[in-house]
Amino acid sequence: MTDGFHDECAVFGIYGHDDAVTMTVLGLHALQHRGQEATGIVSFDGGNFQSHRAAEMVGKAYGDPAVMAQLKGRVAIGHNRYSTTGETSMRNIQPLYADLAFGGFAIAHNGNLTNAMTLRKGLVQRGALFQSTSDTEVIVHLMATSSEKNPVDRMIDALKQVKGAYSLVASTGDKIIGVRDPHGVRPLVLGRLTNKQGRDSHILASESCAFDIIGAEFIRDIEPGELVVLDEKGLHSKRPFDKVAPRFCIFEYIYFARPDSVMEDKSVYEIRKNIGAELAQEAPCPQADIVVPVPDSGVPAAIGYAQACGIPFDLGIIRSHYIGRTFIQPTDSTRHLGVKMKHNANRALIAGKKVVLIDDSIVRGTTSRKIVEMIKQAGAAEVHMRISSPPSTHSCFYGIDTPDAEDLLAHRKTIEEIKEFIGADSLAYLSVDGLYRAVGAAKRNAALPQYCDACFTGDYAIERTDFEAQKTEAKITPIHECRKG
Ligand code: SF4
């Protein structure tokens with residue numbers, strides 16, 4: 001992706017493994033693509049909780065042996081953060097930790113609660129002292145004030161009051177709790193790691209690629225609305241919420257997930273190739289000489305496009321691997337810097353060629369324009385842009401950081417105007433039905449869409465009660481900031 005949508009966050013949790021902390025670090029490393037701004041781990045050694053949080057990438061945050069030595073125990077949860085709500089500061093780095101009536105409690109969350117501000121106001125009026133601006137803390141306070149006795153019932157009580165998209169992992173020390181919201185918007189998967197003695201440890205993670213790195217087995221997706229408890233007796237599953245139609249985020253398949261992950265029993269890589277093949281069917285470019293992906297996220301779709309239309313695939317843009325994804329830092333200045341640092345045209349390949357350029361989306365359009373310009377300056381005869389998603393016309397309110405709708409190019413310009421803006425010789429997007437076909441559905445069910453596709457259709461499945469207030473209201477002053485939980 002060349003501009004705009006940012007990854008959300010990653011969660012990881014493991015129960016009952018001698019190297020729980022190391023496994024969590026490795027799992028978070030595999031999930032780094034979902035959040036590079038900050039990372040945190042809370043572990044439990046049977047008596048005490050320990051934590052480390054840092055506004056760093058995983059490798060740096062846990063690279064110090066002294067940090068690793070202080071994290072102990074057979075139970076750990078972790079989080080990688082890309083801020084979607086709440087400012088960027090130490091106090092917002094997850095997992096959040098609190099001492100509740102039943103004991104210590106840590107929670108890490110991926111998604112966005114769309115009624116968090118309303119709930120927060122009510123809690124503050126009742127005397128709650130918030131220590132972060134993260135919407136996750138609302139869940140902690142709702143649990144603290146619940147009249148239920150045990151932690152799992154308190155969590156169910158709390159989650160029945162929140163609206164939004166969430167996949168979360170929480171630790172009470174003697175158990176890990178994992179929950180996916182009733183619509184299942186954000187992913188959460190279950191795995192198993194068997195040690196040399198044949199003893200199983202269960203694992204929860206945002207994506208299955210976190211299991212591969214530690215040699216764990218992927219078992220299944222946590223179902224929408226499912227709550228699982230991992231403890232000494234194994235795995236327990238509950239369905240405590242009213243059943244609603246699932247709305248998994250279809251953008252996970254286009255961009256967010258790692259291509260080597262499996263979601264809904266489907267290979268993300270294969271889906272991306274399907275997307276490219278659908279795009280080739282809908283928007284062929286028979287006069288082109290080569291198909292070039294915008295690396296890295298455009299690569300599988302470009303392979304699918306090239307295979308479907310019989311035009312050679314080639315790496316016409318070379319990406320520097322010595323910086324992270326383009327949007328490591330959520331500021332305009334670093335975004336533009338990142339684009340310039342990241343891509344270079346492969347001049348020897350491109351010169352004189354008619355190029356089909358494949359990218360997964362155009363958000364503001366500024367980066368796409370620079371890339372088209374770069375390809376033309378490298379001597380391309382023609383540049384035909386093909387986008388492996390429908391036009392991004394609406395903002396996401398479910399945990400993906402997107403610009404306001406007015407800043408989305410496709411919200412205010414026609415495809416022809418976008419083509420002019422980015423300077424391409426032609427431009428085409430995948431249709432919404434083409435996207436559904438690529439993920440294995442015959443077509444989109446307009447009455448009850450099988451996926452969340454709101455950023456393409458404006459069809460929001462979950463109420464957005466106070467999102468605008470969340471974005472504009474003054475932040476509550478923190479009581480303190482702390483590095484250790
Ligand atoms: Fe995913 Fe778009 Fe829905 Fe957000 S609005 S959850 S990015 S499909």
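One is the number of the first residue; the rest follow in order along the sequence. Whatever order the structure lists ligands and atoms in, that order sets their numbers, starting from 1.
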Logged contact type for V185 with ligand 1, heavy-atom cut-off 4.0 Å, is side chain
TODO: Flag C455 as yes if one of its N/O/S atoms falls below 2.8 Å of atom 4 (Fe) of ligand 1, otherwise no.
DONE: no
Any heavy atom of R186 under 4.0 Å from ligand 1? The part involved is side chain
- Query: Cut-off 3.5 Å, side chains only: do T133 and R91 have a donor facing an acceptor?
  - Reply: no
- Taking atom NE2 of H141 as the centre, report whether more than 12 heavy atoms of other residues, nucleotides or ligands fall under 6.0 Å from it. yes
Taking atom types as modelled and ignoring hydrogens, do the side chains of T39 and Y62 form a donor-acceptor contact shorter than 3.5 angstrom?
yes
**OP:** State if E252 counts as touching ligand 1 under the rule of any non-hydrogen atom under 4.0 Å.
**Re:** no
Exercise for review: Indicate the ring-plane relationship of Y398 and Y460, choosing parallel, tilted or perpendicular according to the 30° and 60° boundaries.
Suggested key: perpendicular
Does any N, O or S atom in C249 come within less than 2.8 Å of atom 1 (Fe) of ligand 1? yes
>> Do D401 and Y82 pair up side chain to side chain, a donor and an acceptor below 3.5 Å, judged on atom types alone?
In response: yes
Per-atom filter on ligand 1: closer than 4.0 angstrom to a heavy atom of A454 are 5 (S)
